[in-house]
Amino acid sequence: MDKTKNIILVSIILLIVIIFIGLIFYGIKLTKKPAPIAEKKSPPSGSIEIKKSERVYDKEKTKEEISCIEVKEGFNFKDIKDIRTAIDFFINKGIVYDLMDQKVFEYKIGQGRFELSKIEMDMEGLEKLRVIKVYNKNQEIMKVETRITGQLWCFSFKDNRYVILTTSAGGAHGLVSNFIFLITPSNELKLIKEIRFPEKSSMEVDPILPSFLLFKGNKLYIKVGSYIEGYDLGAYVNGFPVELYYLIHGPQISLAIAEFKEEYLKKAEEKSKECLDSGNLPDAGEAVINYLLAGEEEKAWEVAKKFFDKFPNIIIDELTGEEMTLENFKEIIKNIYEGLMEG
């Protein structure tokens, strides 16, 4: 009997202990401060606020309705300087469509359509290749290939919508072409501008991305980066970058360098000092080109003369010992400038 009483007593004590411990934990839970609400983080540098419609898929998810980002006056997109970072950023945000997405074979907007072939390897078996056919009202208006990479995106400004198709020729330099289409009031797709530079000029143009849209005053421009290949200046000479600006005005897109004279002069003066200090030929080329773009031809050739007076023996081919002369330099820069004006 005593044994049974002891067992009951021990059980009661254990039950009391368990209840006591439970009350302690419950009290801690009640008095514990709630976790602070996470602060809303501001968008990372280079990001943009977007107003766009939802994408519309077919059942097989092989087609997409193109959404347009809305561009408003007075707002400048922050520039993401590295092109690859910019492309990845906008694709991840769903703003730019990756044309190497193997699931999607058609993009539609209004009465326009971009039809993509299967991704295949080129004849050499080195690069991914995709054929893009562009249609307006079921009529083919363009056919183009893109290798390795390609992008498609749309933006609206005032009463107009624009679609930008970027393709790459692949190869060592991956020459890029930017095709700009207008969606007309009747929802038709119309090619209004192609921005690329002739291969003979040895110039490369960057893909046009949302971060390259900018306002000056109440006008909207596209800033297009380009790169002058070094072998324009010699077999073992580095190249240099140049920026061009295009005005977006309703159904027209036109080169607008005069509006950016201040920017070109600033870059020209900066590079003039650098080249006269360092003797660097690409810096001299960049200085002269920017003076020409600013409309200051006299200053351009003045800097060129000062450079060659100070550094008369610029070797441009280490194997042959060939030197660059002032006259040859001027001729090359003139050809580059003419090529830029054709872009």
Side-chain angles (χ1 to χ4, degrees), residues 42-56 64-83 85-99 107-112 114 134 150-167 176-196 205-226 243-260 262-263 343:
S42 57
S45 176
S47 65
I48 58 176
E49 296 297 327
I50 308 154
K51 181 181 179 182
K52 68 184 188 72
S53 60
E54 292 296 319
R55 296 183 177 184
V56 180
E64 291 201 22
E65 189 79 22
I66 299 174
S67 297
C68 291
I69 60 172
E70 185 179 4
V71 180
K72 295 181 179 180
E73 289 186 23
F75 182 77
N76 281 338
F77 293 106
K78 292 184 178 179
D79 194 357
I80 305 174
K81 293 183 179 179
D82 178 69
I83 297 297
T85 301
I87 291 172
D88 291 343
F89 173 81
F90 289 118
I91 287 174
N92 291 335
K93 286 289 184 182
I95 302 167
V96 170
Y97 300 86
D98 180 6
L99 296 184
Y107 294 93
K108 296 177 68 178
I109 184 167
Q111 299 192 67
F114 297 82
V134 184
Q151 296 85 42
L152 182 70
W153 61 284
C154 174
F155 70 93
S156 62
F157 176 58
K158 294 184 176 179
D159 297 324
N160 295 292
R161 288 181 296 166
Y162 305 88
V163 179
I164 297 181
L165 168 66
T166 298
T167 63
V176 165
S177 296
N178 293 291
F179 304 93
I180 304 177
F181 299 84
L182 175 72
I183 305 298
T184 68
S186 58
N187 266 338
E188 293 189 40
L189 186 69
K190 180 182 179 183
L191 178 64
I192 58 172
K193 185 70 177 178
E194 180 181 352
I195 299 177
R196 66 174 174 179
V205 61
D206 291 338
I208 295 175
L209 297 165
S211 51
F212 301 148
L213 296 176
L214 74 154
F215 280 93
K216 192 167 188 180
N218 62 351
K219 295 180 180 179
L220 181 64
Y221 298 86
I222 301 174
K223 179 177 70 173
V224 180
S226 60
E243 292 176 345
L244 294 178
Y245 299 88
Y246 293 83
L247 173 66
I248 301 170
H249 183 64
Q252 297 180 338
I253 294 180
S254 54
L255 193 60
I257 58 175
E259 292 93 319
F260 291 84
E262 185 179 336
E263 287 81 353

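Because the structure is predicted, anything quoted here is derived from the model rather than measured. All values below were derived from every heavy atom in this structure, side-chain atoms included, with hydrogens, water molecules and symmetry-related copies excluded.
- In this structure, Leu209 and Ala86 approach most closely via the heavy-atom pair CD1-CB, 3.5 Å.
- Ile222 places a side-chain heavy atom less than 4.5 Å from the side chain of Ile180.
- No option in Asn160, Leu220, Ile95 other than Leu220 meets the side-chain contact (heavy atoms from CB on, under 4.5 Å) test with Phe155.
- Checked against a 6.0 Å centroid threshold, the rings of Phe179 and Phe114 do not count as neighbours.
- In this structure a side-chain-to-backbone donor-acceptor pair under 3.5 Å is missing from Tyr97 to Cys154.
- Proximity of a side-chain donor or acceptor of Lys223 to a complementary backbone N or O of Leu214 within less than 3.5 Å is not detected.
- For the atom pair CZ of Phe181 and CG of Leu191, the computed distance is 5.0 Å after rounding to the nearest 0.5 Å.
- Among residues two or more places apart in sequence or in another chain, the side-chain hydrogen bond (donor to acceptor under 3.5 Å, both in side chains) test is passed with Asn178 by Thr166.
- Heavy-atom minimum distance, Tyr107 versus Asp98: OH-O, 3.6 Å.
- Residues Pro251 and Leu182 approach most closely at CB-CD2, 3.6 Å, considering heavy atoms.
- Here the NZ atom belonging to Lys219 is positioned 6.0 Å from the CD atom belonging to Glu259, to the nearest 0.5 angstrom.
- Taking every heavy atom of both residues into account, Glu65 and Gly110 meet most closely at OE2-N, 4.3 Å.
- Exactly one residue among Val224, Leu255, Leu244 makes a side-chain contact (heavy atoms from CB on, under 4.5 Å) with Ile195. That residue is Val224.
- In this structure, Arg161 CZ and Ile66 CD1 are separated by 9.5 Å, a value rounded to the nearest 0.5 Å.
- Comment: Lys190 does not engage Glu188 in a salt bridge, judged by the lack of any side-chain N to carboxylate O separation of less than 4.0 angstrom.
- The ring-ring contact (aromatic ring centres under 6.0 Å, His included) test with Tyr245 is passed by exactly one of Phe260, Phe215, Phe212: Phe260.
- Note: Ile109 CD1 to Leu152 CG = 8.5 Å, rounded to the nearest 0.5 Å.
- Expressed to the nearest 0.5 Å, how far CD1 of Ile164 lies from NZ of Lys193 amounts to 12.5 Å.
- A donor-acceptor pair is defined here as one N or O able to donate and one able to accept, closer than 3.5 Å; such a pair exists between the side chain of Tyr162 and the backbone of Gly250.
- For Gln111 (side chain) and Ser186 (main-chain N/O), a donor-acceptor pair under 3.5 Å exists by modelled atom type.
- Panel note: side chain Trp153, backbone Ile91; no donor-acceptor pair is recorded below 3.5 Å.
- Here the shortest heavy-atom pairing between Asp206 and Ser226 reads OD2-N, 4.3 Å.
- The CG atom of Leu165 sits 9.0 Å away from atom CD of Gln151, with the distance rounded to the nearest 0.5 Å.
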